[in-house]
Colleague: 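Dropping the structure in here first, questions after.
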Amino acid sequence: MQDLKGLVVENIPLTKEIYKLQISVPEEILPEIIPGSFAMLKIEAKGVFLRRPFSFADVDLKTGLVTFYIKLVGKGTGALREIHPGQEISMLLPLGRGFTVMPGKSLLVAGGIGIAPLNFLAREIIKKGGEISIIYGVKNEAMFIPEITKNFKNIEVYSEIPGPGKKGLVLDGLKAKDINSYDQIYLCGPNVMLQAAKPYLQNFSGLVEVSLESYMACGFGACLGCVVKVFSNNEIEYKKVCKDGPVFNFKEVVL
Amino acid sequence: MQDLKGLVVENIPLTKEIYKLQISVPEEILPEIIPGSFAMLKIEAKGVFLRRPFSFADVDLKTGLVTFYIKLVGKGTGALREIHPGQEISMLLPLGRGFTVMPGKSLLVAGGIGIAPLNFLAREIIKKGGEISIIYGVKNEAMFIPEITKNFKNIEVYSEIPGPGKKGLVLDGLKAKDINSYDQIYLCGPNVMLQAAKPYLQNFSGLVEVSLESYMACGFGACLGCVVKVFSNNEIEYKKVCKDGPVFNFKEVVL
Amino acid sequence: MNLEVKIDELTLKNPVMPASGTFGFGLEFKDIFDLKNLGALVVKTITKNPRLGNRPPRVYEVSCGMINSIGLANPGWDYFREKILPQIKDLNDILILNIAGESVEEFEYLAREAQRFDEIKALELNVSCPNVSKGGIAFGTDLEALKQIVSSVRKIYSKTLIVKLTPNVTDITVYAKAAENAGADALTLINTFSGMVIDVKSKKPVLGNKHGGVSGPAIRPMAVKMVYDCFKAVSIPLIGVGGIDSKEAALEFFLAGATAIQVGSQNFVEPGFMPRLIRELGEYLREENIEGIAKLTGLAHRREENV
Amino acid sequence: MNLEVKIDELTLKNPVMPASGTFGFGLEFKDIFDLKNLGALVVKTITKNPRLGNRPPRVYEVSCGMINSIGLANPGWDYFREKILPQIKDLNDILILNIAGESVEEFEYLAREAQRFDEIKALELNVSCPNVSKGGIAFGTDLEALKQIVSSVRKIYSKTLIVKLTPNVTDITVYAKAAENAGADALTLINTFSGMVIDVKSKKPVLGNKHGGVSGPAIRPMAVKMVYDCFKAVSIPLIGVGGIDSKEAALEFFLAGATAIQVGSQNFVEPGFMPRLIRELGEYLREENIEGIAKLTGLAHRREENV
Ligand SMILES: Cc1cc2nc3c(=O)[nH]c(=O)nc-3n(C[C@H](O)[C@H](O)[C@H](O)COP(=O)(O)OP(=O)(O)OC[C@H]3O[C@@H](n4cnc5c(N)ncnc54)[C@H](O)[C@@H]3O)c2cc1C
Ligand SMILES: Cc1cc2nc3c(=O)[nH]c(=O)nc-3n(C[C@H](O)[C@H](O)[C@H](O)COP(=O)(O)OP(=O)(O)OC[C@H]3O[C@@H](n4cnc5c(N)ncnc54)[C@H](O)[C@@H]3O)c2cc1C
Ligand SMILES: Cc1cc2nc3c(=O)[nH]c(=O)nc-3n(C[C@H](O)[C@H](O)[C@H](O)COP(=O)(O)O)c2cc1C
Ligand SMILES: Cc1cc2nc3c(=O)[nH]c(=O)nc-3n(C[C@H](O)[C@H](O)[C@H](O)COP(=O)(O)O)c2cc1C
Ligand code: FES
Ligand code: FES
């Protein structure tokens with residue numbers, strides 16, 4: 001973990017609710033950034049005290065740029081939208097335990113802004129010679145990031161209300177697949193999506209990983225604030241999303 | 001008093017410590033703005049809760065612009081320096097009791113950023129056919145606003161450490177004058193300057209007015225926070241700088 | 001959608017009123033909005049005799065709030081009755097007089113006077129000001145004194161009696177119950193937190209009176225918790241106050257158990273805040289399809305049980 | 001220029017240390033700076049038995065601060081002694097163990113254990129956590145319980161004994177004096193303020209445990225006042241804590257009467273804050289030509305007399 005200053009290079013709206021933030025970071029740190037890891041950004045705005053966590057949605061080793069897809073939800077994400085190219089931003093990074101990139105066929109299941117870390121993961125899997133399919137479910141047009149579908153061939157989009165892609169939920173997409181034709185499955189999305197997917201994936205024999213969210217004060221394991229219940233070795237434990245995760249074995253997580 | 005939005009038109013540094021902020025305000029309000037009155041500006045920045053008071057340094061009835069000269073002292077004035085042309089700013093205005101503009105010869109005595117309201121007053125006196133002389137004392141170069149000396153002919157500049165104008169204090173300027181040749185005297189500056197001038201002006205027979213500062217929460221008489229001691233009608237009273245002032249009869253003020 | 005709330009026998013057309021001492025006598029706000037819009041008008045604390053208040057500086061900014069040591073500066077009851085009451089009695093149907101005394105007798109004196117004026121609809125007893133050396137917070141933290149003041153005033157005053165409590169106690173519910181048992185019809189929660197700011201340059205406390213009372217969003221979580229706790233402890237209506245600067249902040253207080261709310265420091269920052277809040281609360285009820293604001297009171301307690 | 005301070009028999013090379021529970025066991029910060037730079041290392045509260053802590057959510061932002069209901073989650077004394085102590089004992093010369101118990105016996109047990117370990121240089125008794133149902137704040141607000149815990153531990157523990165007090169009391173000086181009389185060598189002032197945030201959408205308290213403790217700049221004026229008041233009331237050294245996020249904030253505490261300070265929530269926002277603060281305090285002494293930081297302690301009191 002380092003506390004360093006990044007330089008904002010681009011900050012553009014992608015939809016009414018989502019924007020894309022690109023930040024130039026020092027070269028040395030780039031190799032440490034892996035899919036599923038995240039940064040805590042310091043937002044200098046009225047009423048924002050804590051940093052805010054955002055997953056890396058992409059890293060470009062050549063340009064030294066990291067990309068975030070950010071959904072507008074409150075004062076922090078609201079203020080961050082106003083940051084201009086050329087401004088500096090303090091970032092703690094890289095944080096957390098990322099996805100386990102595996103060979104073979106991977107199914108990536110994203111709900112809403114959950115696509116952010118999976119975009120990065122998909123690129124990484126492809127880079128390492130793996131195969132991917134993506135199910136990308138959104139609520140509506142405002143939550144849909146068009147450039148994602150340009151990045152990947154095997155991607156199916158579902159929209160809760162008529163909008164981009166097919167009408168339906170992520171779960172509909174999952175049901176339409178022969179999940180056993182995949183070697184592993186990765187998920188990121190809202191709790192309702194994860195809860196719905198859970199019984200459906202219970203018997204899947206391969207690795208299933210999920211990237212979780214939780215409210216964080218520090219992001220690096222010091223406050224013990226961000227815990228989730230995990231059932232492993234026949235014991236219920238609280239694990240830190242920021243340090244033991246955000247990527248967990250999906251089957252062990254108590255949602 | 002109105003709570004309205006102004007549009008920032010210009011915000012430029014004049015010296016290392018002083019900047020000039022020009023804001024376009026609705027036309028109807030302009031005639032109510034008089035020398036000595038002030039506005040409470042709402043500064044949207046981390047850690048700033050209360051509004052900040054600033055005296056009008058000028059008003060242009062034709063362009064609808066008001067001018068503030070602002071000295072950098074802390075977080076509010078620091079954040080305000082970053083406001084861009086085109087941004088809106090919430091202002092409460094006009095506030096306070098201004099100077100009494102009188103015919104004849106007026107002496108204006110300014111210390112540091114105290115020049116702000118006196119600049120406006122000087123223009124107004126001249127407009128009404130009066131005559132003015134200005135003593136403008138500053139600490140150093142960084143506190144000296146060059147454009148002030150361009151605005152007026154009868155102006156003498158003193159600098160505490162060698163810098164613009166003569167070396168010396170405001171009081172030296174005052175002593176060099178035959179103050180009895182003036183019909184009235186107006187002051188604005190730091191407390192040390194006012195204290196030094198006090199005994200010297202005690203026997204002056206004309207009107208002596210001073211614009212005071214004090215820490216303000218509301219700026220419009222609601223909190224009772226900004227009081228100063230005033231001795232009038234043989235009684236010590238607390239008067240509100242924001243509403244009973246900021247302009248007071250200098251002889252009545254207990255410094 | 002209905003913003004009406006009841007505090008004892010009074011029906012307020014909406015639950016929003018100014019916090020004492022942050023709204024003067026209302027006159028300063030007349031330029032900004034029509035005070036008839038308010039649920040009630042609460043005036044700055046009045047004492048028997050005029051008070052100059054503490055020496056300046058009396059206000060200062062703190063993180064997400066402010067600190068004050070005004071010290072109950074006010075012109076005294078006689079001046080208020082003669083010069084101010086006539087000017088403000090028609091500004092709002094429900095005028096609440098906030099009073100403080102240096103002794104039980106002074107409280108009694110003021111209550112007796114207030115009882116005589118029809119235009120005064122309720123009394124709010126300030127037993128909680130941290131800025132006066134005699135009485136003030138001492139009454140609010142001394143359980144016996146609190147009981148004595150409230151029951152003495154209760155004997156004299158037959159209209160709505162509200163007691164405003166200080167948060168500077170170990171367990172506010174003890175004081176809330178004591179005030180209820182002594183005859184209070186409603187409680188205002190809370191006054192300011194005792195605090196101090198030291199000026200690093202001069203190496204002295206910033207305020208002339210050294211310490212003062214902290215208000216603003218900084219104290220909101222503590223205020224919300226106190227309303228929540230007192231809602232369980234007493235059955236009289238609660239008026240929530242402390243750091244309300246948005247619709248969401250106001251809603252927290254209703255959900256915690258407040259029947260009405262007061263706005264303090266935010267009046268300084270945005271003098272038109274209260275009418276905006278009233279409008280936004282109305283819109284909220286409409287959007288959420290909630291029949292009346294009163295339905296929200298204490299909802300955070302009920303929800304819990306279903307977890 | 002000298003940053004050294006003395007707390008009882010301990011000489012700290014500078015007056016800056018982490019507040020318990022905001023620094024883990026220090027290990028998370030090792031990437032950011034060398035913990036040897038700190039005046040002392042204070043660990044997260046340890047209890048006799050392991051504690052899972054409260055159900056999440058456990059942290060949330062509030063205006064100029066945060067609220068937490070961690071609930072003293074910790075691996076328990078045995079695990080700490082076996083697995084953690086060996087890892088951290090060389091991180092800093094002065095290791096302060098913060099402990100809490102559900103009973104006087106648990107405090108005694110832990111004190112007896114701590115006494116055996118040379119690497120533990122001082123105990124800080126947490127009698128003030130608002131987030132546990134047994135013990136916790138109840139001990140800190142019950143004067144008799146406080147006296148009993150402190151004097152029982154004092155009998156067992158011969159090294160430096162620090163007692164950390166809760167601000168959720170009517171008059172903290174009463175508790176400060178009681179702790180001093182019961183044998184405390186120093187006091188840490190203060191733990192968090194009890195508070196609550198309600199989620200307007202779900203209409204429920206945000207925290208899994210409903211209420212929590214408020215920390216950060218929002219509580220600083222209250223913390224400074226408590227240090228100021230206790231400085232007059234007791235003669236043992238005070239360790240000031242509450243909302244320190246800058247050199248100026250730290251200086252307020254020294255001027256109010258603190259001998260050393262602790263940094264809490266700010267560690268989350270800026271993990272490198274403490275070494276920066278130490279550097280800036282050194283620069284400050286140099287610029288102001290003050291011979292040692294200890295000269296600042298309580299200066300706001302002395303200045304007053306000359307007003
Ligand atoms: C590991 C991780 C990775 C994330 N990655 C992304 C991402 O790539 N893109 C994206 O848009 N969002 C991401 N989020 C969510 C993002 O952190 C929150 O939406 C953001 O912090 C909200 O801040 P706000 O000030 O706008 O909202 P607020 O006004 O503070 O609150 C709105 C809601 O946002 C959530 N929230 C607020 N602060 C935090 C916090 N510190 N930690 C967690 N949740 C919080 C809470 O549920 C809160 O109710 C991620 C969260 C985590 C934990
Ligand atoms: C009637 C009046 C007119 C003024 N006109 C001008 C002007 O034309 N140009 C100019 O540069 N300055 C003017 N000032 C002073 C200006 O208001 C302060 O310098 C400014 O508020 C400092 O804000 P800050 O956040 O930068 O400082 P902070 O970091 O908050 O504090 C630095 C110091 O500034 C002073 N200060 C801070 N807030 C206030 C406040 N709300 N009211 C009064 N003093 C405060 C305090 O002494 C404080 O110690 C005027 C003040 C008053 C009362
Ligand atoms: C400047 C100021 C003056 C106050 N004067 C009084 C007063 O005279 N009587 C009183 O009962 N409360 C007084 N208060 C306390 C407020 O009524 C209110 O309880 C407190 O400010 C908390 O609310 P807030 O956070 O919304 O400001 C005063 C508060 C401030 C800020
Ligand atoms: C997340 C969190 C956990 C805490 N855990 C403890 C603890 O275990 N023991 C303790 O004595 N204090 C604990 N505290 C209180 C702090 O030590 C400190 O007293 C308080 O946060 C005020 O300081 P601050 O405003 O600088 O954060 C905790 C505070 C926070 C924010
Ligand atoms: S956010 Fe602090 S431990 Fe995870
Ligand atoms: S600043 Fe509030 S009364 Fe003057």
Side-chain angles (χ1 to χ4, degrees), chain A residues 1-5 29 32 39-53 73-77 79 90-96 191 212-231 235-245 253-255, chain D residues 18-19 21-33 44-45 50-75 131 197 199 201 206-208 212 214-218 243 245 264-273 275-276:
Chain A
M1 170 179 70
Q2 290 191 36
D3 185 359
L4 52 78
K5 292 257 194 299
I29 202 86
E32 293 178 42
M40 292 290 285
L41 302 188
K42 189 144 177 253
I43 302 168
E44 302 292 339
K46 202 160 193 160
V48 178
F49 178 69
L50 298 169
R51 287 174 185 253
R52 298 291 193 265
V73 304
K75 33 184 202 299
T77 49
S90 163
M91 348 178 41
L92 275 181
L93 85 183
L95 302 169
N191 254 2
L212 293 182
E213 284 195 10
S214 92
Y215 205 96
M216 294 184 173
C218 70
F220 53 92
C223 75
L224 307 185
C226 61
V227 297
V228 282
K229 258 194 196 151
V230 168
F231 186 79
E235 252 187 285
I236 287 280
E237 262 189 283
Y238 279 134
K239 294 242 183 187
K240 289 173 269 186
V241 171
C242 70
K243 193 141 188 184
D244 304 318
V253 168
V254 182
L255 293 171
Chain D
T22 65
F23 203 66
F25 298 113
L27 300 167
E28 284 76 18
F29 290 78
K30 271 171 41 186
D31 286 355
I32 299 282
F33 67 95
K44 169 88 187 150
T45 296
R51 290 178 57 95
L52 279 179
N54 292 319
R55 49 187 260 195
R58 293 176 172 187
V59 286
Y60 208 76
E61 187 171 82
V62 300
S63 299
C64 288
M66 60 179 289
I67 185 166
N68 88 81
S69 60
I70 307 298
L72 300 186
N74 82 90
N131 294 321
V197 175
D199 181 34
K201 280 214 195 91
V206 161
L207 298 174
V214 177
S215 59
D245 64 348
S265 314
Q266 186 64 15
N267 291 320
F268 304 150
V269 177
E270 187 187 341
F273 174 69
R276 174 163 76 86

Colleague: Are the side chain of D:E61 and the backbone N or O of A:L50 linked by a donor-acceptor pair below 3.5 Å?
Modeller: yes

Colleague: Does A:V227 offer a backbone N or O that forms a donor-acceptor pair with the side chain of D:R58 under 3.5 Å?
Modeller: no

Colleague: Atom CG of D:L72 and atom CG of A:L224: how far apart are they, to the nearest 0.5 Å?
Modeller: 10.5 Å

Colleague: Among A:G76, A:G221, A:S90, which has the most heavy-atom pairs under 4.5 Å with chain D?
Modeller: A:G221

Colleague: Between D:P271 and A:L92, is there a side-chain heavy-atom distance shorter than 4.5 Å?
Modeller: yes

Colleague: Taking C-beta and beyond as the side chain, do A:Y215 and D:P56 meet within less than 4.5 Å on heavy atoms?
Modeller: no

Colleague: Given a strict heavy-atom distance threshold of 4.5 Å, which part of D:T22 is in contact with chain A: side chain, backbone, both, or neither?
Modeller: backbone

Colleague: So which atom in A:C223 and which in D:V59 form the shortest heavy-atom distance, rounded to 0.1 Å?
Modeller: SG-CG1, 4.4 Å

Colleague: Is it the backbone or the side chain of A:M216 that comes under 4.5 Å from a heavy atom of chain D, or both, or neither?
Modeller: backbone

Colleague: Heavy-atom distances under 4.5 Å only: say whether D:D245 touches chain A with side chain, backbone, both or neither.
Modeller: neither

Colleague: Of the non-hydrogen atoms in A:F49 and D:P217, which two are nearest, and what is the gap between them?
Modeller: CE1-CD, 3.4 Å

Colleague: Please list, in residue-number order, every residue in residues 237-245 of chain A that has a heavy atom less than 4.5 Å from any heavy atom of chain D; write 'none' if there are none.
Modeller: A:Y238, A:K240, A:K243

Colleague: Shortest non-hydrogen contact from D:I32 to A:D3?
Modeller: CD1-N, 3.9 Å

Colleague: How about A:K46: does its NZ atom have over 12 heavy atoms from other parts shown lying under 6.0 Å from it?
Modeller: yes

Colleague: Please determine, among D:F23, D:F25, D:Y60, the option with the most heavy-atom pairs under 4.5 Å with chain A.
Modeller: D:Y60

Colleague: Using 0.5 Å steps for rounding, measure from the NZ atom of A:K42 to the CD atom of D:E270.
Modeller: 5.5 Å

